[in-house]
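A quick write-up on the structure given underneath.
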Amino acid sequence: MSKKTKESLKIVSQERIGKDIYSMWLQADHMAAEAKPGQFLSLYTRDGSKLLPRPISICEIDRENGRIRLVYRVTGKNTGTEAFSRLHAGVPVEVLGPLGNGFPLHEAEGKRVFLMGGGIGIPPMLQTAKELNGQKTAILGYRDELFLNDEFQAYADVCVATEDGSAGTKGNVMDAIRENALEADAIFACGPTPMLRAIKAYAEEKNIPCWISMEERMACGVGACLACVCKSKEIDSHSHVHNKRICKDGPVFLSTEVEL
């Protein structure tokens, strides 16, 4: 696990890339050198009433220029994400990171791999696609409007599923696997819990090793609020119960380790 630090980072650029979806590049020399695909950063707002930071997954790492890209969804008015969306280039942001354990790329090296992302679980799969050495198929699930899908084309075969049928397979990521008769030796996935539950079941049925990122369930991102606890097969050495903290022990878990 990489060393985490708290720093004031300058925003290099920010743009809206979809409905309520924003892309922010941060100048993060130390963090970019340390960061791994599947990890996240915790960003602090300037609002004193919001003491806990907001965890946002790392979408891309530009180690050459010392930059990290975050792609996030604004979740409502007067939220931390809404405050971040109003910031512009040159503005400093307090950031803690890199946090979490990331995807174990070595486990899937040289294999046929599904990189499965749903909604705001799509961004962390982009850096994963860039760094993973194997035969990669990115299976991306959207409600309707697409984002980032074109950027995956450079690193993986891309399959899209939309709930409204406006692009790719009508339905979800599992429907896309069936419709395109896709096969894999390993799975990395990130997205909403119902999607991860279906992928976990599929992986167990097919006997495919599968790692899931449960970042959707995180709140503070630093292990303070305990809002992100999930049930685990093993007993936690700290609390002596069948629990794991997603932000501290994850967000990436072997699917057989956790209950959804």
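Predicted model only: the values in this text are computed from it and were never measured.
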Validation row: [X], [Y] side chains within 4.5 angstrom (heavy atoms):
| X | Y | result |
| --- | --- | --- |
| C210 | I199 | yes |
| L148 | P123 | yes |
| T256 | E204 | yes |
| L41 | I56 | no |
| L96 | P53 | no |
| P194 | N172 | no |
| K36 | P98 | no |
| P92 | R46 | yes |

What are the two closest heavy atoms between [X] and [Y], and how far apart are they?
| X | Y | answer |
| --- | --- | --- |
| G100 | P251 | CA-CD, 3.7 Å |
| M174 | A198 | CG-CB, 4.0 Å |
| P209 | D185 | CD-O, 3.4 Å |
| G38 | F103 | CA-CD1, 3.7 Å |
| G141 | V173 | N-CG1, 3.6 Å |
| F147 | Y142 | O-OH, 2.7 Å |

Find out if a path of hydrophobic residues (ILVMFWY) with successive side-chain heavy-atom gaps under 4.5 Å connects [X] to [Y].
| X | Y | result |
| --- | --- | --- |
| V158 | I120 | yes |
| I58 | W25 | no |
| V91 | V12 | no |
| F84 | L9 | yes |

Verify, without hydrogens or angle tests, whether [X] (side chain) and [Y] (backbone) share a donor-acceptor contact under 3.5 angstrom.
| X | Y | result |
| --- | --- | --- |
| Q27 | N65 | yes |
| Q127 | I61 | yes |
| K170 | E163 | yes |
| R63 | A35 | yes |
| D157 | T137 | no |
| K200 | V258 | yes |
| D164 | S166 | yes |

**Residue among F253, F188, F114 satisfying ring-ring contact (aromatic ring centres under 6.0 Å, His included) with W211** =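 Single ring-ring contact (aromatic ring centres under 6.0 Å, His included) partner of W211 among F253, F188, F114: F188.
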
Can you tell me how far the [atom1] atom of [X] sits from the [atom2] atom of [Y], to the nearest 0.5 Å?
| X | Y | atom1 | atom2 | result |
| --- | --- | --- | --- | --- |
| M214 | L196 | CE | CG | 7.0 Å |
| R67 | L26 | CZ | CG | 10.5 Å |
| I212 | E257 | CD1 | CD | 9.0 Å |
| L146 | T162 | CG | OG1 | 7.0 Å |
| N207 | E205 | CG | CD | 10.5 Å |
| L126 | E151 | CG | CD | 6.0 Å |

**Message:** Between Y155 and L115, is the side chain to side chain contact (heavy atoms under 4.5 Å, CB included) condition met? List the steps.
**Reply:** CA-CA 11 Å; Y155 312 106; L115 301 174; over 6 Å; no

**Asked** Taking it one step at a time, do L70 and L43 satisfy side chain to side chain contact (heavy atoms under 4.5 Å, CB included)?
**Response** CA-CA 11 Å; L70 306 177; L43 277 64; 3.7 Å; yes

**Asked** Where does the angle between the aromatic ring planes of Y22 and Y72 fall among parallel (under 30°), tilted (30 to 60°) and perpendicular (over 60°)?
**Response**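 If you compare the ring of Y22 with that of Y72, the planes turn out parallel.
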
**Between R73 and T81: side-chain donor-acceptor atoms closer than 3.5 Å** =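 On atom types as modelled, these side chains do not qualify, holding no pair under 3.5 Å.
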
**Request:** Tell me, yes or no, whether the heavy-atom count around R143 atom CZ, taken from other residues, nucleotides or ligands under 6.0 Å, exceeds 12.
**Result:**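 Counting neighbours around CZ of R143, 12 or fewer heavy atoms of other residues, nucleotides or ligands fall under 6.0 Å, so no.
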
